[in-house]
Amino acid sequence: MCGIIGIVGHSEVNQSLYDGLTVLQHRGQDAAGIVTCDQDGKFFLRKANGLVKDVFHTRHMVRLSGNMGIGHIRYPTAGCSTLAEAQPFYVNSPFGIALAHNGNLTNTKALKEELFQSDRRHLNTDSDSEVLLNILAHELQKSCDLTPTAEDVFTAVTKVHERCNGAYAIVAMIAGVGVLAFRDPHGIRPVVIGKREAEGEQADYIIASESVALKTLNFELLRDIKPGECVFIDVNSNFHAQQCAAPKINAPCIFEYVYFARPDSIMDGISVHRSRSRMGSKLAEKIIRDFPEHDIDVIIPIPDTSRSAALQLSYDLGVKYQEGFIKNRYIGRTFIMPGQTQRKKSVRQKLNAINIEFKDKVVLLVDDSIVRGTTSQQIVQMAREAGAKKVYFASAAPPVRYPNVYGIDMPSPKEFVAHDRNIDQIAEELGVDWLIYQELDDLIDAVNEDNKIESFDTSCFDGKYITGDVDESYLYHINALRNDNTKQDTDKSSGVIEIYNDD
């Protein structure tokens with residue numbers, strides 16, 4: 001999972017891109033990058049491993065000049081987290097194009113062969129984002145002669161859709177021409193567009209992974225980019241949009257609502273916070289149905305993502321809600337840390353139990369989901385050490401049993417705590433007295449209360465892959481890339497990449 005942003009404005013956009021990436025930091029903590037373009041069509045790029053605040057200093061920001069630009073924050077999805085994989089990527093031909101991508105292609109291997117054999121293009125990394133960039137560049141070169149028009153852009157993106165399978169939300173910039181964005185035909189990965197009126201001038205436009213970035217920068221949320229749609233904003237802030245792929249089943253990733261997105265975001269017209277609150281209500285209904293004589297004394301969320309669900313669960317059950325863990329804000333999200341060793345080490349650095357909220361009580365811990373179970377095991381142990389009489393555990397999502405191949409780094413199935421285990425066996429593995437999971441139908445109802453969405457990608461729960469091209473051989477390949485041993489063996493570069501045109 002990654003975060004993308006693009007802005008076309010009437011003044012320098014470097015600070016706005018920085019601020020937008022900071023708001024989207026929860027979507028990735030591995031690397032960050034910004035590329036801007038000035039009136040002469042020159043690119044200015046800075047990217048490095050690390051958090052946004054650590055990658056960009058004043059000396060970098062002053063060199064990122066221009067009234068349009070794109071940015072990216074990265075979370076590695078397939079084993080490699082070297083600097084070479086940091087985005088945005090760029091190519092010099094044709095025109096000069098930079099691109100940032102959130103998602104994962106499922107036919108990358110075939111596309112790489114096509115790029116070499118037919119398109120005569122060289123790839124420098126294993127990233128499918130670089131594949132996407134080169135396909136876009138190749139198709140754009142075929143669709144126009146000199147300065148690309150909106151129609152040329154739409155023609156090229158139509159060809160990209162025809163060639164690429166999987167999940168992708170893209171923002172790209174053509175030097176001296178404009179910024180474009182498009183979304184895969186199933187709408188698996190999110191991307192929204194916003195507008196800010198400029199007095200006496202054309203409006204400024206923004207594209208971002210989540211609406212929260214728009215609100216922070218004082219842009220009005222216009223809408224989500226539709227599945228298969230491309231939008232193009234030229235250097236003069238003229239807005240163009242066109243459907244570039246045949247309609248398919250609209251199926252955004254439901255795990256965005258469970259875990260990844262910020263609660264104050266609205267995605268595909270759905271409030272993330274309200275969805276998580278309804279997840280809590282659905283859990284309450286299940287507890288009342290399956291455990292009507294429960295002895296729960298207190299409900300405690302595992303910060304931060306589960307708070308909305310835990311609070312509503314507490315209200316519906318009529319059981320006291322308390323904050324029982326203090327979170328160290330300077331430790332990253334453990335789910336997206338590469339490697340099990342680093343993940344284990346970070347949990348107790350990240351959370352500290354407030355003993356008085358646990359001592360001699362029957363505690364129901366609530367989390368958004370359980371993936372590997374490593375974090376959950378340690379938190380349960382912390383609750384017992386704090387004096388809990390019994391420890392129950394509720395997951396706002398169903399058991400995770402299958403890999404996510406669309407841009408979320410869910411590991412090899414053998415690393416899932418739910419792999420080849422029933423609920424009682426999972427409870428024993430986690431060390432809890434009782435374990436409750438959300439039902440998949442209840443999760444879907446919680447997110448889609450107003451039936452705004454035709455369907456959802458729920459593949460990590462049910463193994464049904466919406467793109468229809470995921471087979472055992474592909475899953476074997478992904479497994480080899482994603483297992484923790486592979487990640488720990490991968491050398492992580494600490495370098496930076498900067499391109500500044502100071503002539």
Side-chain angles (χ1 to χ4, degrees), residues 1 26-27 167 169 183-184 186-194 208-212 214-215 221-227 247-291 299 301-302 304-319 321 364 366-370 394-400 404 406 408 436-462 464 466:
M1 191 64 60
H26 60 284
R27 299 186 66 84
R183 192 178 183 192
D184 68 81
H186 290 288
I188 299 172
R189 299 269 69 89
V191 61
V192 299
I193 186 163
S209 292
E210 295 185 32
S211 64
V212 65
L214 280 59
K215 185 175 181 180
L221 173 63
L222 294 180
R223 59 180 175 84
D224 298 87
I225 294 178
K226 299 172 187 176
K248 293 186 178 181
I249 296 173
N250 185 15
C253 176
I254 204 165
F255 213 76
E256 290 275 1
Y257 300 91
V258 170
Y259 174 78
F260 265 102
R262 270 184 42 158
D264 44 347
S265 284
I266 297 174
M267 305 170 71
D268 289 298
I270 298 171
S271 164
V272 176
H273 167 69
R274 295 295 294 272
S275 295
R276 291 174 183 168
S277 294
R278 290 192 290 267
M279 292 175 204
S281 290
K282 294 294 185 180
L283 278 174
E285 292 172 7
K286 185 173 182 180
I287 290 173
I288 292 170
R289 182 174 63 248
D290 295 350
F291 195 11
I299 292 173
I302 297 171
D304 286 315
T305 324
S306 64
R307 283 198 174 102
S308 299
L311 189 58
Q312 189 63 45
L313 171 60
S314 166
Y315 179 82
D316 290 354
L317 281 185
V319 174
Y321 170 98
L364 174 62
V366 181
D367 207 351
D368 53 79
S369 58
I370 306 169
S395 168
V400 175
N404 183 293
Y406 298 128
I408 299 178
I436 182 170
Y437 276 105
Q438 188 86 265
E439 299 293 333
L440 181 55
D441 288 344
D442 286 344
L443 174 63
I444 293 170
D445 288 345
V447 176
N448 203 28
E449 184 184 49
D450 298 324
N451 296 314
K452 294 179 181 290
I453 303 299
E454 183 180 1
S455 182
F456 288 93
D457 169 57
T458 57
S459 53
C460 59
F461 305 123
D462 60 12
K464 298 176 182 177
I466 192 69

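Just so you know, residue 1 is the first one in the sequence shown, and it goes up from there.
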(message) Holding to side-chain contact (heavy atoms from CB on, under 4.5 Å), I want the full list of residues that pass it with Ala310, two or more places apart in sequence or in another chain.
(response) Ile299, Pro301, Tyr321, Val366
(message) Within the structure provided, determine whether Asp457 and Pro252 are in side-chain contact (heavy-atom separation under 4.5 Å).
(response) no
(message) Tell me every residue that passes side-chain hydrogen bond (donor to acceptor under 3.5 Å, both in side chains) with Glu439, counting only those two or more places apart in sequence or in another chain.
(response) Lys286
(message) Between Arg276 and Arg307, is there a side-chain heavy-atom distance shorter than 4.5 Å?
(response) no
(request) Determine the minimum heavy-atom distance between Ser306 and Asp368, stating which atoms define it. (result) CB-N, 3.7 Å
(request) Please state whether the rings of Tyr257 and Phe456 are parallel, tilted or perpendicular, taking 30° and 60° as the class boundaries. (result) perpendicular
(request) Might you work through the side chain to side chain contact (heavy atoms under 4.5 Å, CB included) test for Val258 and Gln438, ending with a clear yes or no? (result) CA-CA 11 Å; Val258 170; Gln438 188 86 265; over 6 Å; no
(request) Specify the closest pair of heavy atoms between Ala167 and Asp184, including all atoms of both residues, with the distance to one decimal. (result) CA-OD2, 3.5 Å
(request) Could you grab the distance from atom CG of Asn404 to atom CD1 of Ile254, nearest 0.5 Å is fine? (result) 12.0 Å
(request) Of all the heavy-atom pairs spanning Ala396 and Leu283, show the shortest one and how long it is. (result) CA-CD1, 3.8 Å
(message) Just to verify, what does Ser271 make a side-chain hydrogen bond (donor to acceptor under 3.5 Å, both in side chains) with, not counting sequence neighbours?
(response) none
(request) Heavy atoms only: give me the nearest Arg27-Pro190 pair and the separation to one decimal. (result) NH2-CG, 3.9 Å
(message) For a quick test of reading the model, state the closest non-hydrogen atom pair linking Asn250 to Glu454 and the distance between them.
(response) N-OE1, 3.3 Å
(message) Under the rule for side-chain contact (heavy atoms from CB on, under 4.5 Å), what residues qualify as partners of Ile288, not counting sequence neighbours?
(response) Leu317
(request) Tell me yes or no: between the side chains of Asp367 and Ser395, is some donor less than 3.5 Å from an acceptor? (result) no
(message) With a 4.5 Å cut-off on side-chain heavy atoms, are Ile408 and Cys253 touching?
(response) yes
(request) Without swapping roles, check the side chain of Asp224 against the backbone of Lys226 for a donor-acceptor pair under 3.5 Å. (result) no
(request) Sorted by first residue and then second, give each salt bridge (charged side-chain N to carboxylate O under 4.0 Å, His left out) pair with at least one member in residues 441-453; sequence neighbours left out. (result) Arg278-Glu449
(message) I'd like to check the side-chain hydrogen bond (donor to acceptor under 3.5 Å, both in side chains) partners of Ser211; sequence neighbours left out, ordered by chain and number.
(response) none
(request) Test side chain to side chain contact (heavy atoms under 4.5 Å, CB included) on Leu313 and Leu364 and set out the steps. (result) CA-CA 10 Å; Leu313 171 60; Leu364 174 62; 3.8 Å; yes
Side-chain atoms of residues 263-270: list all donor-acceptor pairs with protein atoms under 3.5 Å, sequence neighbours left out, distances to 0.1 Å.
from: Asp264; atom 1: OD1; to: Arg262; atom 2: NE; distance (Å): 3.0
from: Asp264; atom 1: OD2; to: Arg262; atom 2: NH2; distance (Å): 2.6
from: Ser265; atom 1: OG; to: Glu210; atom 2: OE1; distance (Å): 2.6
from: Asp268; atom 1: OD1; to: Arg183; atom 2: NH1; distance (Å): 3.3
from: Asp268; atom 1: OD1; to: Arg183; atom 2: NH2; distance (Å): 3.3
from: Asp268; atom 1: OD2; to: Arg183; atom 2: NH2; distance (Å): 3.1

(request) Please step through side chain to side chain contact (heavy atoms under 4.5 Å, CB included) for the pair Val400 and Ile370, ending with a clear verdict. (result) CA-CA 7 Å; Val400 175; Ile370 306 169; over 6 Å; no
(request) For residues Arg189 and Tyr406, determine if any side-chain heavy atom of one lies less than 4.5 Å from a side-chain heavy atom of the other. (result) yes
(request) Output the distance between atom OG (Ser275) and atom CD1 (Ile444), rounded to the nearest 0.5 Å. (result) 12.5 Å
(request) Rounded to the nearest 0.5 Å, what's the gap from NZ on Lys248 to OG on Ser455? Could you check? (result) 14.0 Å
(request) Output the distance between atom CZ (Phe461) and atom OH (Tyr437), rounded to the nearest 0.5 Å. (result) 10.0 Å
(request) List the steps, then state whether side chain to side chain contact (heavy atoms under 4.5 Å, CB included) holds for Leu443 with Met279. (result) CA-CA 6 Å; Leu443 174 63; Met279 292 175 204; 3.7 Å; yes
(message) Just to verify, what does Lys464 make a side-chain contact (heavy atoms from CB on, under 4.5 Å) with, not counting sequence neighbours?
(response) Asp462
(message) Going by the rule side-chain contact (heavy atoms from CB on, under 4.5 Å), which residues pair with Tyr315 if we only count those two or more places apart in sequence or in a different chain?
(response) Gln312
(request) Could you list the residues that satisfy side-chain hydrogen bond (donor to acceptor under 3.5 Å, both in side chains) with Ser308, not counting sequence neighbours? (result) His273
